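Structure first, commentary second.
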Amino acid sequence: MASSLPPNDAGAPLIVAQGVRKHYGNIRAVDGVDLDIRSGELFGLIGHNGAGKSTLFKMMLGLTPTTAGDIRIDGALVTGRDFRAVRRTVGYLPENVVLYDNLTGLETLWFFARLKGVSPAEAGPTLERVGLAHAAKRRVREYSKGMRQRLGFAQALLGKPRILFLDEPTTGLDPEAIRSFYATLRQLRSEGVTTVITSHILAEIQERVDRIAIMAAGKVQARGTVQDLREQVDLPLWFSVRVSKEDFEAVRAALSHLQVEAIEAHDDHVKVRCRREAKMAVIEALARLDGRVRDLTVREPSLEDVFFGFSD
Amino acid sequence: MEIAQIATIASKEFWDRIRNRWVLAVALVFTAFALVIAYFGAAQQGAVGFRSIDLTIASLVSLVIYLIPLIALVLGFDAIVGERERGSLDLLLSMPITRLELLLGKYFGLAAALAFSTIAGFGLVAIVLSAKLDLNALYHYFGFMLSSVLLGCAFLSLAVMLSVFAADRTRASGLAIATWFFFVLVFDLLLLGALVVTGGQWGGEIFPYLLLANPADVFRILNIFSLDDVRTLYGLATVFPRALADPWLLGLVMLAWIVVPLGIASWRFRK
């Protein structure tokens with residue numbers, strides 16, 4: 001049972017993958033991954049379809065054996081003798097979760113509670129936590145996609161797991177539900193729960209995770225905080241400078257002695273691309289054009305840019 | 001192995017079949033057929049009404065030998081492949097459960113549903129006929145019900161094995177139908193053909209053993225041999241040695257037909 005295991009030290013490695021490979025014939029789905037996910041962190045795993053993240057996910061859960069290397073949760077091999085103890089500490093929400101149409105929401109949670117060795121009395125409060133208390137006695141057949149997703153999440157929360165593996169958990173949720181989903185994750189994080197999450201919606205994940213790992217071609221191409229990765233990949237910044245058309249040349253002249261990579265003229269603004277090191281110099285030069293610059297926005301590279309910077 | 005995990009899966013499978021009225025429908029089919037056979041089985045000879053338990057069982061055996069394998073195969077063919085194709089298998093396997101426990105839970109749950117509907121369906125007929133049956137007749141009828149359950153369990157085991165091997169539900173259903181054709185329709189014809197072609201020279205001695213390689217034939221022998229009226233009618237006695245017709249031995253063979261496919265399924269499922 002989860003409660004019989006001692007709580008981890010905050011920040012200590014909890015999930016450790018070492019030299020993990022998964023080969024299907026000549027296809028190297030996962031090709032030598034080392035990863036350590038710390039206790040209590042919200043960890044994002046991102047990558048294109050076929051990058052190997054789902055395979056890695058399944059190996060972390062012990063659903064698929066590794067070709068080489070091993071994965072340990074709290075020191076125990078996920079496929080080893082202790083697999084039952086490991087699984088009782090883990091909650092899993094698969095991508096496009098499929099539940100049983102003929103059961104009600106409450107019956108679904110009773111079924112999974114019994115399999116996890118958890119009291120069925122947990123089902124009610126867990127449904128409440130994901131905002132499905134009103135639909136507890138309705139058949140899953142009548143649930144919307146978003147409700148099914150929330151029921152899948154509720155199933156993962158049964159037994160108060162210490163680790164959550166969530167594969168594309170916000171698919172099918174409306175913006176309001178996505179917000180409350182991440183609020184629940186933050187609350188779980190404050191309770192010490194470690195969460196590993198995958199998402200295609202990088203903008204959604206970037207403000208909400210502690211660290212991410214970017215996977216491409218079966219390898220982890222980069223890992224760290226979003227800021228770390230932005231710096232590692234050293235992508236340029238974009239300035240958008242609102243000026244009237246007749247001042248375009250003045251902007252160009254003001255920036256001519258600086259290390260600016262590109263200047264593009266648009267209808268009512270100029271776009272300027274430069275390296276991070278030149279950022280302050282560009283701002284100072286634009287400030288000297290007093291009055292003529294009506295507005296200025298700076299666009300930092302997004303996780304999307306970082307992602308493509310690593311995976312291309 | 002944790003029995004509680006097997007029981008959780010099994011009870012879900014069983015209650016699913018109760019709730020969607022599968023058990024009720026199959027039980028009613030059995031009841032209806034058994035009553036019709038008991039009362040109108042001799043209509044072709046111009047007689048109507050209950051004759052003897054021996055003849056009733058003999059007629060029921062010919063019916064059940066087609067029906068139960070088909071029902072069992074249809075019941076079990078998507079046990080595993082269905083979960084895999086719908087996408088619910090990964091979630092189940094992420095629970096603290098082994099693949100063997102999941103497989104056995106599925107099997108026992110479905111077997112319980114099949115056994116329950118068989119016993120309820122034919123049992124109801126026994127109650128209706130109880131005034132006309134003596135203890136000996138009841139004993140034979142009980143033997144028939146038990147062997148029907150075993151027959152169902154054997155074909156269910158084959159179905160679950162197919163559902164582990166098949167890549168998708170369509171293929172699994174095709175394999176299930178092919179299995180039914182082979183064991184129920186083709187197998188005996190092939191054996192007879194081989195006997196006739198070789199003029200009885202080949203296979204005369206191993207013929208009885210070959211019959212054991214088909215659970216439907218084992219079921220037939222189990223029932224026919226216990227009925228004196230019928231044995232001579234079938235002419236089976238001439239080819240089948242009495243020693244092999246021991247019900248305990250045949251019961252063991254049936255058990256092997258349950259255990260071996262499940263064992264193969266479990267081996268494959270772990271791969």
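In what follows, chains are A, B, ... by sequence order, proteins preceding strands, each numbered from 1. Predicted model only: the values in this text are computed from it and were never measured.
Of the residues considered (K12(B), R86(B), E83(B), R99(B)), K12(B) shows the highest number of contacts with chain A, using heavy-atom pairs under 4.5 Å. Between chain B and the options F83(A), F165(A), F111(A), the largest number of non-hydrogen pairs under 4.5 Å is found for F111(A). For chain B, the option among K58(A), Q155(A), R84(A) with the highest count of heavy-atom pairs below 4.5 Å is R84(A).
Proximity to chain A at a heavy-atom threshold of 4.5 Å picks out nothing from residues 169-182 of chain B.
Only the side chain of V97(A) comes within less than 4.5 Å of a heavy atom in chain B; its backbone stays farther off. Contact of L103(A) with chain B is made through backbone and side chain together, with heavy-atom distances under 4.5 Å. When heavy atoms are compared at a cutoff of 4.5 Å, T98(B) approaches chain A by way of both its backbone and its side chain.
Applying the salt bridge (charged side-chain N to carboxylate O under 4.0 Å, His left out) test to residues at least two apart or on different chains, the pairs with a partner in residues 19-34 of chain B are E107(A)-R19(B).
In this structure, CG on L61(A) lies 10.0 Å from CG on L91(B), to the nearest 0.5 angstrom. Note that CG of L92(B) is 5.5 Å distant from CZ of F112(A), once rounded to the nearest 0.5 Å. To the nearest 0.5 angstrom, K116(A) atom NZ is 13.0 Å from I97(B) atom CD1. Distance check, rounded to the nearest 0.5 Å: OG of S88(B) to CG of L99(A) gives 8.5 Å. The CG atom of N20(B) sits 7.5 Å away from atom CG of N102(A), with the distance rounded to the nearest 0.5 Å.
You'll find the side chain of V90(A) stays beyond 4.5 Å of the side chain of S94(B), heavy atoms only. Between Y92(A) and M95(B) there is no side-chain heavy-atom pair separated by less than 4.5 Å.
A donor-acceptor pair under 3.5 Å is formed between the side chain of R87(A) and the backbone N or O of L93(B).
Salt bridge status for R88(A) with E2(B): present, with a side-chain N to carboxylate O gap under 4.0 Å.
Counted within 6.0 Å of CH2 on W15(B), heavy atoms from surrounding residues, nucleotides or ligands total 12 or fewer; the atom is thus considered open. The environment of F33(B) atom CZ is sparse: at most 12 non-hydrogen atoms of other residues, nucleotides or ligands sit within 6.0 angstrom.
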